[in-house]
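First listed ligand is number 1; within each ligand, the first listed atom is number 1. Count residues from 1 along the sequence.
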Amino acid sequence: MMDSVSPAWLPCGRHRLDLSFPRVMGILNVTPDSFSDGGRHNARDAALRHAERMLAEGAAIIDVGGESTRPGATPVPVQQELDRVVPVVEALVRELDALVSVDTSSPEVMRAVTQAGAGMLNDVRNLRREGALAAAATSGLPVCLMHMRGEPTDMQDAPHYDRPVEEAVADFLAARVAECEAAGLRRERLLLDPGFGFAKTVEHNLRLLKHLDRVAQLGLPLLVGLSRKSMIGKVLGRPVEERLPGGLALAALAVERGARIVRVHDVGPTLDAINMIWAVLREGCDHD
Ligand code: 7PJ
């Protein structure tokens, strides 16, 4: 299972990302409630400082998001998303030389952040928005395709799968990869994400993680986002600020099941957890 991922090096604009071992993607939300310590300039500086801290803790990628995709959230107008995201991407690239991923579904934002020096696109709507496939194809950047049904506004309305969720997710992603390839996106540029918490019940999420190897079998690098999610809250009865231990357990399990990028809020503790797990998984491999 550990060697099913290819290739080891993912070209990401001016950066190359080594995926021969698991990496951490640090979450940088630039929605107004994220760094609400004053005016716009302060918010930008606070975002930069936070990114700097995550990079110092070992994040390989900074994932910038200007649209809340929490269950029930409504989409933001494109101009607002551009105003939030583009200056932060520019600053991260210029001042920190960071490998920046952008969490967006909008083709306008994809084009603008590509210009601004982003190295990866991350779309929770798997390029379903009008024009997104074409924008992603022209960007030349790697793209993370995440499984979600419906929209954040309605995705948690009694999600149901006729087949086991991991089968449904794996088949959906396989079909989406084929559609992306037909639109000119090379397979080598795609990453997959089962979309924990998106159009899924707690039981779906637990089952999906248990059988994550089913999605890993598709042979593309696997990204997972589990950090602070409500499945941890529901199983452990913890509020969002007390979900780190549960999140570390899930991150470690995801890596054991084949994940290569773990998208988290708490970079340092997550790296300790996955590096420790990795040392065990790797044991003996160098001498085989
Ligand atoms: C995910 C994401 C995820 C990917 C969000 C949150 C909600 N992108 N963006 N995977 N989640 N690829 O962080 O709780 O799971 S926003």
**Student:** I'd like the name of whichever of Asp103, Asp63, Ile261, Asp193 reaches closest to atom 4 (C) of ligand 1 through any heavy atom.
**Tutor:**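 Selected option, by shortest heavy-atom distance: Asp193.
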**Student:** Can you tell me which residue and heavy atom of the protein come closest to atom 16 (S) of ligand 1, and the distance to 0.1 Å?
**Tutor:**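 Of every protein heavy atom, Thr69 OG1, 3.1 Å lies nearest to atom 16 (S) of ligand 1.
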**Student:** Can a cation-pi geometry be assigned to Arg125 and Phe198, taking NZ or CZ under 6.0 Å from the six-membered ring centre and within 45° of the ring axis?
**Tutor:**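 No, Arg125 does not lie over the aromatic ring of Phe198.
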**Student:** Does only the side chain of Val124 get under 4.0 Å from ligand 1, or the backbone, or both, or neither? Count heavy atoms.
**Tutor:**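 Near ligand 1, Val124 shows its side chain, while the N, CA, C and O stay back.
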**Student:** Do Met231 and Leu248 belong to the same hydrophobic cluster, where Ile, Leu, Val, Met, Phe, Trp and Tyr are linked whenever their side-chain heavy atoms lie under 4.5 Å apart, directly or via other members?
**Tutor:**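 Per the 4.5 Å side-chain linkage, Met231 and Leu248 are not co-clustered.
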**Student:** If you define the side chain from C-beta out and look only at heavy atoms, does anything of Val88 sit under 4.5 Å from Arg44?
**Tutor:**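 Yes, side chains in contact.
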**Student:** Check the angle between the aromatic planes of Tyr161 and His147 and answer parallel, tilted or perpendicular using the 30° and 60° thresholds.
**Tutor:**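 Correct class here is tilted.
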**Student:** So between Lys229, Met146, His265, whose heavy atom ends up nearest atom 11 (N) of ligand 1?
**Tutor:**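 Comparing heavy atoms across Lys229, Met146, His265, the nearest one to atom 11 (N) of ligand 1 lies in Lys229.
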**Student:** Check whether any N or O atom of Arg263, backbone or side chain, sits under 3.5 Å from an N or O atom of ligand 1, and answer yes or no.
**Tutor:**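 Min N/O separation from ligand 1 is below 3.5 Å for Arg263.
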**Student:** Can you see whether Gln80 engages Arg84 through a side-chain donor-acceptor pair at a distance of less than 3.5 angstrom?
**Tutor:**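 Yes, Arg84 and Gln80 have a side-chain donor paired with an acceptor closer than 3.5 Å.
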**Student:** Mark up the atoms of ligand 1 that fall under 4.0 Å of a heavy atom belonging to Leu223, in ascending order.
**Tutor:**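 Listed by number with element: 12 (N).
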**Student:** Looking only at protein heavy atoms, which one is nearest to atom 8 (N) of ligand 1, and what is the separation?
**Tutor:**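 The closest heavy atom on the protein side is Asn122 ND2, 3.1 Å.
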**Student:** Heavy atoms, side chains only, cut-off 4.5 Å: are Pro164 and Arg207 in contact?
**Tutor:**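 The answer is yes; the side chains approach within 4.5 Å.
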